[in-house]
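A short write-up of the structure that comes next.
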Amino acid sequence: MAGRKRTASGSHATNVAASRTSRSRSTRSGAMRSNVPDIYREMLIEADTQSSVTPSERPLKRRRPGQHNHQSPKRPDPPQVILKSDDVDDEDDEADEDVQFEDVPPPTATIQTVERDSDEEEEDDEMQFEDFDFSLPPPDLDSIPDGDKDLELDFSARTTVNIQKTADRRKPITRAEKDHRIEIHRMHLLCLLYHAARRNRWCNDSAVQERLRPLLTNKMIKYLNPSTSLTQFGQAQSLKEGLQHVGTLYKTRFQITERGIRRALWADNEEHLQNYQLPDDAESPMDKEDFREAAKSLRGSRDVGAQLYCALLRSAGVEARLVCSLQPLAFTSGGPALGKPPKAKGKLSIEEQYARMTKYNNTFESPVASGPPIAKRLGHPNAMAYYPPRITPASSSRKPPPVPKKIRESAYPIYWVEILDEGHQKWQPADPLVTDSFWKPQKLEPPASDRENCMAYVIAFESDGTAKDVTRRYVKAYNAKTRKMRIESAQATGDKWWRKVLQAFSRGITTDLDQIENNELTELELREPMPRNVADFKDHPIYALERHLRRNEVLVPGASASGTVGAGSKGPLEKIYRRRDVRIARSKEKWYRMGREVLPNEIPVKFLPKRVKPKADLFGDEEDDDCGTVGTPIYTHDQTILFKHPPVINGRVPKNRFRNLDLYVPSMVPEGGAYVPDELAARAAFILGVDYAPALTGFLFKGKHGTAVLHGAVVAAENEEAVCAVIDGLKEQVAEFEKAQRTREVLKAWRLFLMSLRVRQRIWADVDSDEEGNHEDVVESGDGDDHAKALRSDASDEAGGFIVDDEDMAGGFMVD
DNA sequence: GAATGTCGTT
DNA sequence: AATGCACGACATTC
């Protein structure tokens with residue numbers, strides 16, 4: 001077991017490190033991803049798509065990455081004789097309406113088969129769970145992989161190197177690097193989420209529950225299911241008491257023998273990554289059987305402990321959620337790092353390497369059941385961890401392992417349980433194993449300095465498989481601190497992405513209880529106290545400091561402070577404003593591009609310092625320079641009005657000096673005009689002889705030069721219909737032409753095919769049939785019966801079934 | 001003295 | 001070119 005685990009993560013680390021060396025970003029992230037099971041990779045892609053597809057529109061089967069979407073049901077391909085086959089291919093997707101091909105029987109043979117790249121399709125057919133549509137709520141939980149074994153990702157470990165550390169640390173990270181980090185972060189999130197979802201599902205397993213239930217006495221079960229005749233308070237008390245009983249009991253029975261999930265950290269350099277190894281006692285990947293086994297032996301990581309506790313409670317009829325605090329790799333490079341590999345300060349000595357090897361072999365040979373497989377090493381990986389040793393309570397009823405393991409882990413749990421207090425309609429946390437706390441959400445948030453546990457995403461899974469983000473219940477500064485660690489603040493679209501991910505786990509309907517909980521969570525967020533230090537005001541969703549305003553942000557004139565902070569104790573006090581009093585200011589040009597116009601005589605709300613002189617001149621004439629370079633004036637939204645082009649009068653459309661019409665937003669269509677968003681619009685209008693103006697819809701910036709993008713045209717409203725009609729006509733013409741062209745090409749292909757056949761037939765006609773058994777079908781008989789016989793002959797034969805006359809062909813294949 | 005926050009440097 | 005960012009050094013609080 002341990003052997004497998006080590007192999008998996010070991011190869012993983014090596015891979016990443018190797019790819020890192022190659023320096024190319026694409027390879028790097030490629031390698032990164034290649035270590036992730038396809039299902040997860042796809043989830044990432046899937047959840048990332050911005051397209052707002054409604055459930056009904058979604059494909060039943062998920063697309064595979066390599067597969068193009070438009071390879072709809074098979075249309076018979078024309079014989080792949082090399083013609084201008086590229087033309088044909090190009091049109092493939094658009095020609096769906098061209099029914100003609102549906103009617104053409106496909107040749108069962110080709111003379112010269114063009115290489116079809118079929119290889120790419122067969123590769124990933126292995127995937128076990130391809131039918132799982134990640135984006136469809138409610139999730140089809142049965143199709144989530146039923147074991148961790150497909151998962152090579154070592155959650156507790158490091159997956160990549162912190163570039164910032166190795167590169168020039170003075171420079172801010174590049175955009176690409178940031179994206180890369182975010183991608184890793186998101187991938188981690190998904191993997192962890194699914195891991196937890198799977199464990200949650202196992203908690204419902206009847207075999208697991210049956211094995212656990214004997215732990216409970218009838219009295220406990222009674223406590224856990226208080227009679228409804230009790231008062232609200234009484235019920236809650238009974239439940240709580242029952243939980244405590246069960247908790248104490250469980251704590252003595254369950255033995256923590258393995259290390260659970262830890263926070264992922266960045267490696268400082270590749271060496272650290274390469275030399276990284278999982279601790280001996282890290283939890284091994286499990287499948288359902290292993291989990292059942294753990295339910296019997298009551299041993300495992302404290303994560304498994306919490307999961308079994310959840311199963312136990314569910315078996316007693318308690319509404320219990322499995323809660324997991326996901327520990328993805330941070331997208332900021334700050335924070336603690338992996339640090340040096342265990343023991344060896346620099347490189348491993350030969351002896352050490354040898355020792356490691358033997359240990360590995362031992363593990364491999366000796367069955368795990370015979371006690372702890374690996375003797376604890378002196379230089380334990382976590383010898384440096386500062387948490388006091390956690391002695392696992394030795395079970396009295398079981399033979400304790402020869403050497404009680406000391407597992408130092410965070411003093412805060414990764415997994416715990418939430419119980420529904422029915423009386424108060426409230427979910428309450430319970431963690432018997434780590435903090436031994438009940439009904440105390442505040443007790444579960446680790447401090448920011450915890451190297452092994454970082455609370456950023458707390459997900460609660462219910463027994464029906466649905467999940468909810470309940471982070472706000474547990475963190476004390478969601479807005480000020482936690483948010484900054486979450487994907488929402490890393491990326492503009494992060495919010496959307498995360499919602500979409502969770503939507504896969506949503507119940508579809510919002511129950512009353514959901515609503516109550518949502519209210520509770522938002523209230524917690526609103527109640528969050530105002531930060532007391534300057535740093536926490538940065539990017540705060542409610543408050544803002546002047547010092548943190550972006551260059552194009554500005555406070556509304558009447559903005560009033562809602563408090564003050566000082567930096568440290570001696571800094572000058574700064575006013576705290578509300579974020580909603582912050583406005584974005586833009587230049588005249590920017591506003592124009594948004595279809596707005598700065599009112600005349602408005603005083604710019606701010607001047608953006610533009611270009612400053614390249615260098616501090618040796619001469620003292622800086623003053624002049626500065627005066628000349630007080631930059632672009634910018635204005636706020638309410639200093640502008642909607643921009644209006646002059647109206648269309650008598651069919652005359654206004655135009656700019658390039659004979660176009662600026663049309664950046666819909667509101668810029670002039671009064672009395674209509675926008676025809678079609679490439680053919682201008683031509684159609686020209687054909688009709690009506691006035692029109694091509695629409696300038698934006699600019700394409702390539703390097704420094706911006707080129708105008710023209711799309712469609714504006715015509716007078718009364719001409720719109722006519723123009724559209726003409727466009728339809730034009731399109732039909734084009735379609736017609738293309739259709740004819742295609743038909744011609746296909747016919748050409750068929751002709752060539754048949755001609756070749758005929759040639760071949762002629763050639764082989766003289767050859768004795770037994771010399772070339774392969775061709776006898778076609779060749780053997782005399783001319784009389786040729787046709788019929790060929791049609792009857794085996795279809796697997798290359799030429800079978802396709803000996804026809806020219807006339808037949810022409811007649812049969814012509815459509816229309 | 002650990003934990004947390006600010007400041008100056010590049 | 002300079003602004004923003006990250007990081008180490010230093011300061012303050014409990």
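Proteins get letters first, then strands, A, B, ... in listed order; numbering begins at 1 in each.
The nearest whole Å value for the distance from the CZ atom in A/R547 to the C1' atom in C/dG4 is 14 Å. Rounded to whole Å, atom C1' of B/dT4 lies 14 Å from atom CD of A/E445. A straight line from CZ of A/R550 to C1' of C/dT3 spans 12 Å, rounded to a whole angstrom. To the nearest angstrom, C1' of B/dT4 lies 11 Å from NZ of A/K476. The distance between atom CG of A/D450 and atom C1' of B/dA2, rounded to the nearest whole Å, is 14 Å. For the pair A/N533 CG and B/dT4 P, the interatomic distance rounds to 11 Å; values are reported in whole Å. One can place CZ of A/R532 at 15 Å from P of B/dT4, the figure rounded to the nearest angstrom. A straight line from CG of A/L608 to P of C/dA1 spans 20 Å, rounded to a whole angstrom.
Here A/K481 lies in heavy-atom contact (under 4.0 Å) with sugar-phosphate atoms only.
Near DNA chain B, meaning a heavy atom under 4.0 Å away, the residues from residues 534-541 of chain A are A/V534, A/A535.
With distances taken from any side-chain atom of A/R551 to the nucleotides C/dT3, B/dT4, B/dG5, the minimum falls on C/dT3.
Between the side chains of A/S410 and A/E452, no donor-acceptor pair is found at a separation under 3.5 Å.
For the pair A/S449 and B/dT4, the criterion of a side-chain N or O lying under 4.0 Å from OP1 or OP2 is met.
Looking at residues two or more places apart in sequence or on another chain, you find no salt bridge (charged side-chain N to carboxylate O under 4.0 Å, His left out) involving A/D638. Applying the salt bridge (charged side-chain N to carboxylate O under 4.0 Å, His left out) rule to A/E523 yields the partners A/R527; only residues at least two apart in sequence or on another chain are considered. For A/E525, the salt bridge (charged side-chain N to carboxylate O under 4.0 Å, His left out) test picks out A/R472, with sequence neighbours left out.
Contacts classified as salt bridge (Lys or Arg N to Asp or Glu O under 4.0 Å) and involving residues 439-448 of chain A (residues at least two apart or in different chains) are not found.
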Practice prompt. Give the C-alpha distance, both sets of side-chain angles, the deciding distance and a yes or no for ring pair (Phe, Tyr, Trp, His ring centres under 6.0 Å) between A/W416 and A/Y309.
Written response: CA-CA 8 Å; A/W416 64 93; A/Y309 180 65; over 10 Å; no
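Of all non-hydrogen atoms in A/A306 and A/L322, the two that sit nearest each other are O-CD1, 4.1 Å.
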Worksheet entry | Paired and unpaired positions of DNA chain C as dot-bracket, Watson-Crick or G-U wobble under 3.5 Å, | denoting a partner strand | .....|||||||||
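Open room surrounds NZ on A/K476; 12 or fewer heavy atoms of other groups in view lie less than 6.0 Å from it.
For the atom pair A/I576 CD1 and A/S560 OG, the distance stands at 12.0 Å (nearest 0.5 Å).
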